[in-house]
Amino acid sequence: QVLLVESGGGSVQAGGSLRLDCKVSRYTDTRYCMAWFRQAPGKEREGVAVADFDGRTSYADSVKGRFTISQDDGPNTLDLRMNSLKPEDTAMYYCAADHWCGGLKPGQYSSWGQGTQVTVSS
């Protein structure tokens, strides 16, 4: 397991934008598959977006065209840029990492960040 450090999040009105950042806390030569998940109150944790070892990305249908992930800060980082936010995007957002790429399945990831809240008001 690795320690993940998240930043960003906050409150915004519908249609606004936010950015979340995640990075592995200490330098390592090991390359991790990294993903963003979210969990709203009373709901199961769901995958938002993932970047595999080759930088290929996948998104949940609910965020396609609105959210973008990148690793501009290095291979063990993952930024999530969220545009055209909707009230239904309100959730706690978690960064996750693992030696294996589990896609958008939360059970496949062994390391998790502490979570950062995103609240979108109508």
Side-chain angles (χ1 to χ4, degrees):
Q1 293 184 348
V2 292
L3 180 63
L4 301 174
V5 179
E6 301 159 341
S7 60
S11 298
V12 66
Q13 289 189 330
S17 300
L18 287 172
R19 171 176 168 163
L20 306 181
D21 297 313
C22 175
K23 64 178 181 181
V24 174
S25 64
R26 293 186 300 176
Y27 174 80
T28 174
D29 289 332
T30 302
R31 181 71 184 268
Y32 291 91
C33 184
M34 300 183 73
W36 281 100
F37 291 83
R38 66 186 182 185
Q39 188 168 16
K43 295 187 177 181
E44 294 186 352
R45 190 166 297 188
E46 63 174 355
V48 175
V50 59
D52 68 15
F53 300 114
D54 297 319
R56 290 176 298 217
T57 58
S58 296
Y59 296 88
D61 288 342
S62 59
V63 306
K64 282 181 181 177
R66 301 188 298 120
F67 291 11
T68 303
I69 55 173
S70 68
Q71 296 184 296
D72 293 343
D73 294 329
N76 284 336
T77 68
L78 193 66
D79 302 332
L80 176 65
R81 294 175 174 86
M82 303 179 289
N83 297 319
S84 302
L85 282 161
K86 304 175 181 180
E88 51 263 45
D89 293 318
T90 295
M92 186 72 78
Y93 283 70
Y94 297 91
C95 179
D98 202 276
H99 294 289
W100 302 95
C101 269
L104 295 176
K105 300 176 182 178
Q108 301 297 317
Y109 293 84
S110 59
S111 298
W112 292 85
Q114 77 282 4
T116 184
Q117 180 68 36
V118 170
T119 302
V120 184
S121 58
S122 58

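What you see is a predicted model; the values in this text were computed from it and never measured.
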Taking all non-hydrogen atoms of both residues into account, name the closest pair between [X] and [Y] and its distance.
X	Y	value
Val120	Lys86	CB-O, 3.3 Å
Leu18	Leu85	N-CD1, 3.8 Å
Ser111	Leu4	O-CD1, 3.6 Å
Met34	Thr77	SD-N, 3.6 Å
Tyr94	Gly113	CD2-O, 3.7 Å
Ala40	Ala91	N-CB, 3.8 Å

Check: For the residue pair Phe37 and Trp112, does the interplanar ring angle fall in the parallel (under 30°), tilted (30 to 60°) or perpendicular (over 60°) class?
Finding: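 Geometry flag for Trp112 against Phe37: tilted rings.
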If you round to the nearest 0.5 Å, how far is [atom2] of [Y] from [atom1] of [X]?
X	Y	atom1	atom2	value
Met82	Ser17	CE	OG	9.0 Å
Phe67	Thr57	CZ	OG1	14.0 Å
Ile69	Ser58	CD1	OG	7.5 Å
Ser70	Leu78	OG	CG	7.0 Å

Check: Would His99 and Tyr32 count as a side chain to side chain contact (heavy atoms under 4.5 Å, CB included) if you check the C-alpha gap in whole Å, the side-chain angles of each, and the deciding distance to 0.1 Å?
Finding: CA-CA 5 Å; His99 294 289; Tyr32 291 91; 3.5 Å; yes
Check for a donor-acceptor pair, side chain of [X] on one end and backbone N or O of [Y] on the other, with a separation under 3.5 Å.
X	Y	answer
Gln39	Met92	no
Trp36	Cys22	no
Gln71	Gly55	no
Ser122	Pro87	no
Asp98	Ser110	yes

Note to self: With a 4.5 Å cut-off on side-chain heavy-atom distances among I, L, V, M, F, W and Y, is there a chain of contacts connecting Val48 to Leu104?
What the structure shows: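 Val48 and Leu104: separate clusters.
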Notebook entry, point to check: Do the side chains of Thr30 and Val2 get nearer than 4.5 Å, heavy atoms only?
Noted result: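 No, too far: nothing below the 4.5 Å cut-off.
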Next item on the list: May I ask you to test the Asp89-Arg38 pair for a side-chain heavy-atom distance under 4.5 Å?
Entry: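 In contact.
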Next item on the list: Might you work through the salt bridge (charged side-chain N to carboxylate O under 4.0 Å, His left out) test for Lys23 and Asp21, ending with a clear yes or no?
Entry: CA-CA 7 Å; Lys23 64 178 181 181; Asp21 297 313; over 6 Å; no
Margin query: Tyr109 vs Val50, test: side chain to side chain contact (heavy atoms under 4.5 Å, CB included). Steps then yes/no.
Written below: CA-CA 11 Å; Tyr109 293 84; Val50 59; 3.3 Å; yes
Checklist line | Neighbour count >12 (heavy atoms, 6.0 Å) for atom CD, Gln13 | finding: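 No - once you tally the heavy atoms of other residues, nucleotides and ligands closer than 6.0 Å, there are 12 at most.
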Notebook entry, point to check: Under the side chain to side chain contact (heavy atoms under 4.5 Å, CB included) criterion, do Cys33 and Trp100 qualify, and how do the steps go?
Noted result: CA-CA 6 Å; Cys33 184; Trp100 302 95; over 6 Å; no
Notebook entry, point to check: Which is it for Lys64 and Asp61 under the salt bridge (charged side-chain N to carboxylate O under 4.0 Å, His left out) test, yes or no, and what are the steps along the way?
Noted result: CA-CA 5 Å; Lys64 282 181 181 177; Asp61 288 342; 3.1 Å; yes
